[in-house]
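Convention: sequence-line order gives letters A, B, ...; per-chain numbering from 1.
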Protein chains: 2
Amino acid sequence: MSSKPEINSRATSYDVARLAGVSQSAVSRCFKPGASISKKMRDKVVAAAEELNYQPNAIARSLISQRSHMVAILISSQINFYYPEVLFQLSDRFSKNGLRVLLFTINGEEDVADAIDQIWQYQADGVISASALSIEQHQLLQRRQIPVVMFNRYFYNLPTNTIWCDTESAVNEMISHLKDFGHSKFGLLRGPDYSMVSQERMRLVRQAIDTHGGQIVSESEGNYRYESAAAATQELMQHRVKPTAIIAANDMMAMGVLDELKNVMGKSVPADVSVVGFDGIWAASFASYELTTVRQPIGRMAEAAVEMIVDRIEKPTTSTEKRYLTGTFVQGTSTGPAKAK
Amino acid sequence: MSSKPEINSRATSYDVARLAGVSQSAVSRCFKPGASISKKMRDKVVAAAEELNYQPNAIARSLISQRSHMVAILISSQINFYYPEVLFQLSDRFSKNGLRVLLFTINGEEDVADAIDQIWQYQADGVISASALSIEQHQLLQRRQIPVVMFNRYFYNLPTNTIWCDTESAVNEMISHLKDFGHSKFGLLRGPDYSMVSQERMRLVRQAIDTHGGQIVSESEGNYRYESAAAATQELMQHRVKPTAIIAANDMMAMGVLDELKNVMGKSVPADVSVVGFDGIWAASFASYELTTVRQPIGRMAEAAVEMIVDRIEKPTTSTEKRYLTGTFVQGTSTGPAKAK
DNA sequence: GTGAAAGCGCTAACAA
DNA sequence: TTGTTAGCGCTTTCAC
């Protein structure tokens with residue numbers, strides 16, 4: 001009766017072993033899936049464990065087995081609806097895969113450096129980066145043998161594990177859709193210059209406009225955030241030749257464009273101007289916006305990212321891979337016939 | 001020259017000690033803030049550590065020191081803009097405090113139970129719960145001596161650490177504001193019945209309506225989510241006596257109400273109906289909504305939560321505390337003069 | 001199938 | 001101030 005450890009103090013595998021009258025290693029085996037152990041032994045141990053409320057100490061386990069079963073997620077803490085969607089999708093899936101999430105919200109370059117150190121110190125098994133990562137930082141992780149999967153970003157000419165959204169055909173559809181509505185004068189709202197996502201999207205847009213005909217009458221740059229769209233919209237619309245359709249590099253800014261046009265400039269969307277975005281975030285589907293956009297299959301991308309990192313953790317020699325998931329064109333009510341001249 | 005450990009294999013404090021020609025414990029001390037160590041020794045160790053790219057293994061440190069420096073955050077993964085705001089605020093602050101975040105996104109009751117086990121196994125130093133937690137689950141954490149801070153929820157008659165938003169005076173202002181606009185027929189859109197936040201908000205609303213005069217002509221219930229507002233709005237407006245102002249238990253639903261009224265029912269807001277919400281989430285301030293609402297000081301609440309859990313971690317005997325931060329009334333453009341009969 | 005024993009990498013007495 | 005030593009709680013050979 002007195003073999004119970006102090007109330008309040010946590011039971012260890014030794015306590016369980018003593019109570020069950022077996023060796024400590026037997027207890028360990030009992031909690032290791034697929035270990036060879038007789039039913040009788042298992043029952044004894046489980047009973048003792050239950051009585052003592054025993055659960056293995058994951059920290060000790062990590063130390064000896066060199067596997068923390070923790071995965072780090074790096075994600076921008078910028079207020080932007082895209083990141084939370086990605087984060088929650090990833091997190092939900094990691095827990096289903098028996099992995100814990102170590103969260104690092106990133107506000108600036110220093111945060112990344114710090115996160116990378118913590119990842120190293122805490123022996124995270126892998127990293128998903130949905131935040132800016134420099135080549136040096138990526139290489140540092142590689143040198144430390146920590147598998148990395150980049151979410152929606154990659155480096156040129158560098159083997160990386162990447163989940164990317166291929167929007168080429170969707171962009172084509174989008175421009176063709178605008179063209180069908182009679183649009184030929186486009187305004188472009190780019191993302192930040194350093195953003196590969198923005199570069200790629202804008203490249204595809206230009207290419208599609210070339211193909212389908214039309215011209216870009218004005219351009220401006222935002223920082224992906226809602227607020228940045230207000231000034232950018234003014235800039236786009238102040239041009240001598242006004243665009244009849246505005247293409248923003250992400251939904252967040254497209255929502256800002258729409259709001260500026262409707263609620264500040266007194267324009268009507270899509271009667272006066274059509275607006276399109278990229279991402280397919282949830283908010284873009286709200287009745288006040290109903291954006292026409294190119295949707296990323298965020299759920300499937302998260303699924304793929306988790307799968308990819310799990311594979312690399314289990315088999316570190318697995319070669320790098322880029323997975324391109326196809327984005328889809330989604331027609332909302334933010335686009336309509338171009339206003340007759 | 002050959003005392004360097006295998007390239008690729010991580011350096012330990014022993015490797016550093018060997019290279020620096022000192023004892024392993026000296027290395028340990030060097031990385032422990034405030035340990036007594038001579039400058040000369042520190043320089044030697046730091047140089048060796050740098051050469052080997054040494055950083056202490058946090059897992060081993062946690063095992064021996066019984067402090068993981070990890071804090072668990074439980075948060076609903078429901079698609080609702082409120083939670084991500086809270087999560088990012090908390091996470092940013094935890095990293096500033098030298099604590100790592102172990103994230104648990106919660107989809108249902110089972111997820112909570114699972115998270116609680118993981119928290120125990122991973123020896124999280126503390127827990128912030130911004131998700132539903134049963135009394136039993138809370139008590140289990142208490143029995144395991146893990147400090148818990150509840151974010152925006154608490155139990156009656158049970159000592160808990162809680163961060164709560166006091167909206168009483170703001171609600172009064174809100175109702176008085178509506179009254180000034182000539183509103184006297186209110187529609188209430190409650191949150192789920194089990195939600196204390198909703199109960200409290202609705203209680204204060206009723207109380208304020210009693211005080212200022214007016215009647216509740218119709219009521220319905222939603223689940224806090226945007227989508228649930230559509231049907232609820234129809235229900236509210238189908239009543240014989242129609243409300244001129246609708247009060248929703250959170251902004252997310254208020255946005256849904258506004259969209260249903262404007263974009264589906266063809267009403268004008270606030271000309272036909274006024275709409276108010278609770279929370280003060282970022283999206284509620286977008287030009288398409290500009291909700292009149294009661295704002296929670298989310299940043300300060302997060303700050304308080306972090307402070308509270310840090311205190312409890314450092315001094316476990318600290319008594320429980322409830323902190324009530326005051327919400328503020330924010331006037332948007334979703335409210336205006338009541339339509340003359 | 002089971003037990004004994006050797007660590008994983010670190011911190012924290014305790015001596016010197 | 002520094003080094004020696006004993007674990008933290010577990011996994012994993014290795015005998016039996």
Side-chain angles (χ1 to χ4, degrees), chain A residues 5-6 9-46 48-49 52-70 118 120-125 144-145, chain B residues 5-6 9-46 48-49 52-70 118 120-125 144-145:
Chain A
E6 277 290 292
S9 96
R10 171 176 188 149
T12 71
S13 55
Y14 276 97
D15 299 322
V16 177
R18 204 176 313 125
L19 182 60
V22 301
S23 74
Q24 179 270 334
S25 38
V27 177
S28 174
R29 276 188 206 103
C30 184
F31 284 89
K32 177 183 169 148
S36 73
I37 181 170
S38 69
K39 181 170 180 343
K40 207 169 150 190
M41 169 71 87
R42 156 160 279 124
D43 291 347
K44 264 199 296 192
V45 173
V46 166
L52 297 178
N53 269 310
Y54 171 78
Q55 297 196 226
N57 181 325
I59 297 288
R61 176 179 277 177
S62 302
L63 181 59
I64 185 77
S65 65
Q66 314 270 52
R67 263 266 191 304
S68 64
H69 293 282
M70 294 193 292
Q118 297 302 335
W120 180 233
Q121 292 181 23
Y122 277 85
Q123 316 263 71
D125 290 342
R144 291 174 172 177
Q145 323 246 62
Chain B
E6 276 290 294
S9 97
R10 171 175 187 148
T12 71
S13 54
Y14 275 97
D15 298 321
V16 177
R18 204 176 313 127
L19 182 60
V22 302
S23 76
Q24 180 271 333
S25 41
V27 177
S28 173
R29 275 188 207 102
C30 184
F31 285 89
K32 178 185 168 146
S36 74
I37 181 171
S38 68
K39 182 175 179 342
K40 207 171 150 188
M41 169 70 89
R42 157 161 278 125
D43 290 347
K44 263 199 297 191
V45 172
V46 167
L52 297 178
N53 270 309
Y54 171 76
Q55 298 197 224
N57 181 326
I59 297 289
R61 175 179 278 178
S62 303
L63 181 59
I64 185 79
S65 66
Q66 314 271 48
R67 262 265 191 306
S68 64
H69 294 282
M70 293 194 291
Q118 296 301 335
W120 179 235
Q121 292 181 22
Y122 277 84
Q123 316 262 72
D125 291 342
R144 291 174 172 176
Q145 323 246 62

Legend entry - Worked check of side-chain contact (heavy atoms from CB on, under 4.5 Å) between A/Y122 and A/S68: CA-CA 8 Å; A/Y122 277 85; A/S68 64; over 6 Å; no
Inset, instruction - Let me see the working for A/W120 and B/N53 under side-chain contact (heavy atoms from CB on, under 4.5 Å), right down to the final yes or no. - result: CA-CA 11 Å; A/W120 180 233; B/N53 270 309; 5.9 Å; no
Inset, instruction - Could you check A/Q123 against B/R10 for side-chain hydrogen bond (donor to acceptor under 3.5 Å, both in side chains), going step by step and ending with a plain yes or no? - result: CA-CA 11 Å; A/Q123 316 263 71; B/R10 171 175 187 148; 2.5 Å; yes
Inset, instruction - Please assess A/N57 against A/T12 for the test side-chain contact (heavy atoms from CB on, under 4.5 Å), listing each intermediate value before the final yes or no. - result: CA-CA 8 Å; A/N57 181 325; A/T12 71; over 6 Å; no
Legend entry - Candidate pair B/Q55 and A/Q118, rule side-chain contact (heavy atoms from CB on, under 4.5 Å), full reasoning: CA-CA 9 Å; B/Q55 298 197 224; A/Q118 297 302 335; over 6 Å; no
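The existence of a salt bridge linking B/K40 and B/D43 is excluded, since no basic side-chain nitrogen approaches an acidic carboxylate oxygen closer than 4.0 Å.
Put simply, NZ on B/K44 is 12 Å from C1' on D/dT1, counting in whole angstrom units. Rounded to an integer number of Å, the gap from A/R18 CZ to C/dG3 C1' is 16 Å. Here the P atom of nucleotide D/dT2 and the NZ atom of B/K40 are 9 Å apart, to the nearest Å. Between the CZ atom of B/R42 and the P atom of D/dT2 there is a distance of 10 Å, given to the nearest Å.
In terms of modelled atom types and a separation under 3.5 Å, the side chain of B/R42 and the main chain of B/C30 share a donor-acceptor contact. Looking only at distances, a side-chain donor or acceptor of A/D125 sits under 3.5 Å from a matching main-chain atom of A/H69.
Direction of the helix axis in the helix from C/dG1-D/dC16 to C/dA16-D/dT1 shifts by 30° between the two five-pair termini, rounded to 10°.
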Legend entry - Per-nucleotide protein contact string for nucleotides 8-16 of chain D, where B marks a base within reach and S marks sugar-phosphate only (heavy atoms under 4.0 Å, - for neither): BBBBBB---
